[in-house]
Amino acid sequence: MKILDRYILITFLKTFFSVFIIFMFIFILQGVWLYIAELAGKDLDVTVTAKFILYYMPKLIPLVVPLTVLLSSIMVFGNFAENYEFAAMKSTGISLQRAMRSLSVFIVALGIGCFFFANNVIPWGEYNFYNLRRNIAKMKPALAIAEGQFNEIGNINIKVAKKSGDRGQFLEDVVIHEKSTTRRGNYKVIVSERGELKSSPDSNILQLELLNGNYYEEVISKDVRKNQNKPHVKSYFDNYITNVDLEILNSEDLDEKSQTDRYNMLSVAQLNKVIDTLQQNRQVDYETLSTTLYNRSTYASLNINIDTTKTRKTIPKDSLLIAKNLLDFYNTAQKIQILNLALNSSNSTRQILDSNEKNLETKQIFLNKHIISLQDKIVLAFACIILFFVGAPLGALIRKGGLGLPMVIAIVLFLTYHFFGIFAKNSAEKGSFSPVIGSWLSTAVMLPLSIYLTTRATNDKGVFEFDAIIVPLKRLFNPKNKLQLSESDTKVYNFYSKYSIEELIDIIKKQDEFTLDKKPKEIALHNILDRNISLEGLKSEGLEIPDTLIKARVLLKDYNDYSKTSLISYCVGIVLFVLHFVFKNNKFPELTESALTLSIIAFIFFAIYVIVNALVYSKFYKIINQEGKRINPLIVALTLPIYPLKYIIVRSRISQDFYLSCLQNIK
């Protein structure tokens with residue numbers, strides 16, 4: 001390895017591991033912050049807490065490593081560029097790709113290592129982390145009660161809206177389904193406003209005290225006829241106490257590993273096997289559903305008990321021709337019976353389809369999660385490589401090292417990458433598009449950026465070049481009130497820029513109508529007008545300025561003000577009109593009506609200012625003796641839909657005409 005490669009690699013590795021440790025520490029603190037309320041004060045020893053953190057760390061690698069690669073590459077290459085080390089390399093013929101060679105090998109090796117880490121270590125961490133939390137929840141019942149969902153504790157299923165207290169012992173809006181030891185199902189329901197978990201360290205009994213609630217229990221009799229009346233018991237209570245035996249729960253081993261089949265606990269080989277099984281099961285479900293619907297249709301048994309020859313003999317030929325509905329062959333009672341049977345059959349089929357739709361949708365989401373988990377292991381390796389080729393050239397282009405600007409840019413880019421991934425995966429899980437696309441979308445978005453930045457850095461160009469867009473826009477939007485100067489005239493103009501107003505006025509005065517070369521006067525006047533000197537001030541300095549020019553300048557200012565107001569009114573009206581349809585489609589009637597009303601008001605103002613503008617425009621050209629350029633009312637009406645474009649063109653033309661009039665009349 002050459003000295004330069006060793007130097008670049010060592011510099012990058014120092015930065016990489018420093019940033020990695022910092023980010024890992026930050027993300028671990030964030031994870032501990034999420035679970036601290038459930039872990040603190042639960043009599044968990046240091047060993048269990050250390051295991052908890054150890055098992056939590058591997059799942060952070062898909063977040064920490066790509067972010068570390070991105071920030072480290074920006075910092076290192078930005079520092080090289082800032083300290084002119086890249087300039088020294090290029091002076092000796094070393095290109096950016098050559099400087100990145102040793103790091104490219106390291107990043108590829110890192111990507112391969114991340115794949116094996118994701119395939120082996122992350123499933124191990126998820127497996128142990130999930131089971132550890134599950135066992136802690138069993139060992140400490142207060143941990144098992146999560147807000148807003150049903151939680152199983154012993155022989156009860158409990159749901160609470162909110163927990164409070166230093167140990168989470170105070171509960172609000174409690175709903176309990178108590179299991180029966182003699183029969184399956186939820187027959188006893190208890191609802192209360194508040195509750196409290198009470199337990200003693202020396203006792204295996206958890207006491208749950210409920211306040212201000214209702215008790216409901218279904219009474220099931222052995223006599224089926226009595227059950228048709230749905231007998232039940234209900235009562236109100238001020239105070240109700242139920243006990244849960246924790247002897248079995250407290251004997252849970254924290255090292256027990258009973259849950260092994262979650263999608264994020266599996267390796268690539270295991271995921272492939274499970275995905276194949278789920279796809280086969282899905283196909284079986286489809287075939288079973290189709291068979292069920294086919295059998296319910298009784299299509300196979302049609303015409304079995306019908307003798308068509310006998311039917312044709314008993315039914316007149318004329319009736320066969322006249323009858324357009326098969327029900328016409330039956331009497332009213334039979335018609336009612338047939339229609340009821342058809343209605344019941346269709347309703348039953350609809351219920352089967354609805355229930356199977358939800359079931360198949362759930363299974364499809366479960367399958368999509370496995371596919372996404374499989375693809376994520378591969379994506380992690382490619383993400384590291386692609387983000388390196390985003391960060392390294394970007395650092396060389398921005399020429400900034402350290403933790404300032406590189407940190408900001410890295411976080412913005414990574415958040416973009418991460419949010420793309422989250423939204424794509426969430427949509428892919430629900431079946432909006434392929435889970436493979438959902439896993440690869442964020443990386444695919446970064447791939448063109450990496451190619452673009454690497455190309456720009458290699459060719460020593462900036463990150464973005466907007467001149468090709470900005471220059472034409474400037475020419476379009478800026479009024480053409482300036483002379484088109486040649487290269488020599490531009491030098492004269494720049495030379496005159498150093499003159500005072502009095503010196504420029506002297507140049508103009510020295511020019512008379514018999515002077516052939518008018519350029520000095522034009523350039524001097526051009527310089528004065530560019531300094532926004534009032535015409536009244538120039539007139540007081542001794543220049544001959546017609547009063548019509550002073551009035552024309554006032555009218556020009558009025559025209560610009562009115563045209564800007566009309567343009568704003570037009571834009572506001574268009575935006576409100578579009579919002580009217582948006583609110584209408586989203587069923588917001590009040591906002592729909594308000595948007596339409598305000599849009600109409602904005603267009604009324606627009607129409608008023610367009611008329612005033614036209615009058616000022618005509619008056620302006622009348623004053624400067626160019627009445628042939630007055631606005632035609634028909635043209636005004638026809639160009640209203642494209643008013644912004646007309647505004648740009650007319651504003652440039654009227655400013656240029658005023659400027660040329662000044663050149664002709666000021667002496």
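Basis for what follows: all heavy atoms, side chains included, without hydrogens, waters or symmetry-related copies. For this chain, numbers begin at 1 and follow the sequence in order.
- Of all heavy-atom pairs spanning Val64 and Phe27, the tightest one is CG2-CD1, 3.7 Å.
- If you take CG on Leu289 and CG on Leu360, they are separated by 6.5 Å, rounding to the nearest 0.5 Å.
- The closest side-chain heavy-atom distance from Lys363 to Leu367 is not below 4.5 Å.
- Gln375 places a side-chain heavy atom less than 4.5 Å from the side chain of Trp440.
- Side chains of Asn83 and Asn79: a donor on one and an acceptor on the other come within 3.5 Å.
- Using a 4.5 Å cut-off on side-chain heavy atoms (C-beta onward), Ser373 and Leu266 make no contact.
- Considering only heavy atoms from C-beta on, Leu208 stays 4.5 Å or farther from Ile241 through its side chain.
- Between the NZ atom in Lys14 and the OG atom in Ser72 there is a gap of 14.0 Å [rounded to 0.5 Å].
- Smallest separation of non-hydrogen atoms from Pro123 and Ala118: CD-O, 3.1 Å.
- Phe17 has its ring centre no less than 6.0 Å from the ring centre of Phe20.
- For the pair Gln279 (side chain) and Asp276 (backbone), a donor-acceptor distance under 3.5 Å is absent.
- Side-chain contact of Gln351 with Asn347: a donor-acceptor pair under 3.5 Å is absent, judged by distance alone.
- Taking every heavy atom of both residues into account, Pro66 and Leu387 meet most closely at CB-CD1, 3.5 Å.
- The shortest side-chain heavy-atom distance between Tyr215 and Val191 does not fall under the 4.5 Å cut-off.
- Under the rule for a side-chain hydrogen bond (donor to acceptor under 3.5 Å, both in side chains), Ser427 has no partner lying at least two apart in sequence or in another chain.
- The number of heavy atoms from other shown groups lying within 6.0 Å of OH (Tyr216) is above 12.
- At least one donor-acceptor pair closer than 3.5 Å links the side chain of Thr454 to the backbone N or O of Phe389.
- A salt bridge links Asp376 and Lys425; the closest N-O separation between the charged side-chain nitrogens and carboxylate oxygens is under 4.0 Å.
- Nearest heavy-atom pair, Pro62 versus Leu380, reported as atom, atom and distance to 0.1 Å: CA-CD1, 3.7 Å.
- Side-chain contact between Leu449 and Leu413 is present, with heavy atoms from C-beta onward closer than 4.5 Å.
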| request: Might you work through the side chain to side chain contact (heavy atoms under 4.5 Å, CB included) test for Tyr417 and Val445, ending with a clear yes or no? | output: CA-CA 8 Å; Tyr417 164 81; Val445 168; over 6 Å; no
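- Separation of atoms CD (Glu429) and CZ (Phe366) is listed at 11.5 Å; rounding is to 0.5 Å.
- Within the 4.5 Å cutoff, side-chain heavy atoms of Leu210 are placed close to those of Val174.
- Taking CG of Asp238 as the reference point, atom CG of Leu211 lies at 8.5 Å (rounded to 0.5 Å).
- Between Phe16 and Phe12, the ring planes lie parallel to each other; the angle is under 30°, not in the 30° to 60° tilted range.
- For the pair Asn214 (side chain) and Tyr236 (backbone), a donor-acceptor distance under 3.5 Å is absent.
- Taking NE2 of His177 as the reference point, atom NZ of Lys188 lies at 12.5 Å (rounded to 0.5 Å).
- The pair Lys162-Asp173 fails the salt-bridge criterion, with no side-chain N (NZ, NE, NH1 or NH2) lying under 4.0 Å from an Asp/Glu carboxylate O.
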| query | Is there a side chain to side chain contact (heavy atoms under 4.5 Å, CB included) between Leu63 and His418 once you walk through the steps? | reply | CA-CA 8 Å; Leu63 285 175; His418 188 54; 3.1 Å; yes
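- Counting non-hydrogen atoms of other residues, nucleotides and ligands closer than 6.0 Å to CZ of Phe25 gives a total of 12 or fewer.
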| request: Give the C-alpha distance, both sets of side-chain angles, the deciding distance and a yes or no for side chain to side chain contact (heavy atoms under 4.5 Å, CB included) between Leu71 and Phe23. | output: CA-CA 11 Å; Leu71 179 58; Phe23 279 135; 3.6 Å; yes
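- Judged as a side-chain hydrogen bond (donor to acceptor under 3.5 Å, both in side chains), and not counting sequence neighbours, Glu193 has no contacts.
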| query | Would Val160 and Glu172 count as a side chain to side chain contact (heavy atoms under 4.5 Å, CB included) if you check the C-alpha gap in whole Å, the side-chain angles of each, and the deciding distance to 0.1 Å? | reply | CA-CA 6 Å; Val160 300; Glu172 296 182 13; over 6 Å; no
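- Counting only distance, with no hydrogens or angles, the side chain of Asn272 and the backbone of Val268 share a donor-acceptor pair below 3.5 Å.
- Of all heavy-atom pairs between Leu453 and Val390, the closest is CD1-O, 3.6 Å.
- Put simply, the side chain of Ser450 gets close to the backbone of Leu447: a donor and an acceptor are under 3.5 Å apart.
- The shortest side-chain heavy-atom distance between Tyr127 and Tyr55 does not fall under the 4.5 Å cut-off.
- Between the side chain of Ser104 and the main chain of Met100, a donor-acceptor pair closer than 3.5 Å is present.
- With hydrogens and angles ignored, the 3.5 Å screen pairs a side-chain donor or acceptor of Ser290 with a backbone N or O of Glu287.
- When all heavy atoms of Leu171 and Ile158 are compared, the closest pair comes out as CD1-CD1, 4.1 Å.
- Ring geometry, Phe77 versus Phe388: the interplanar angle exceeds 60°, so the pair is classed perpendicular (tilted spans 30 to 60°).
- Atom CE of Met75 sits about 11.0 Å away from atom OG1 of Thr68, to the nearest 0.5 Å.
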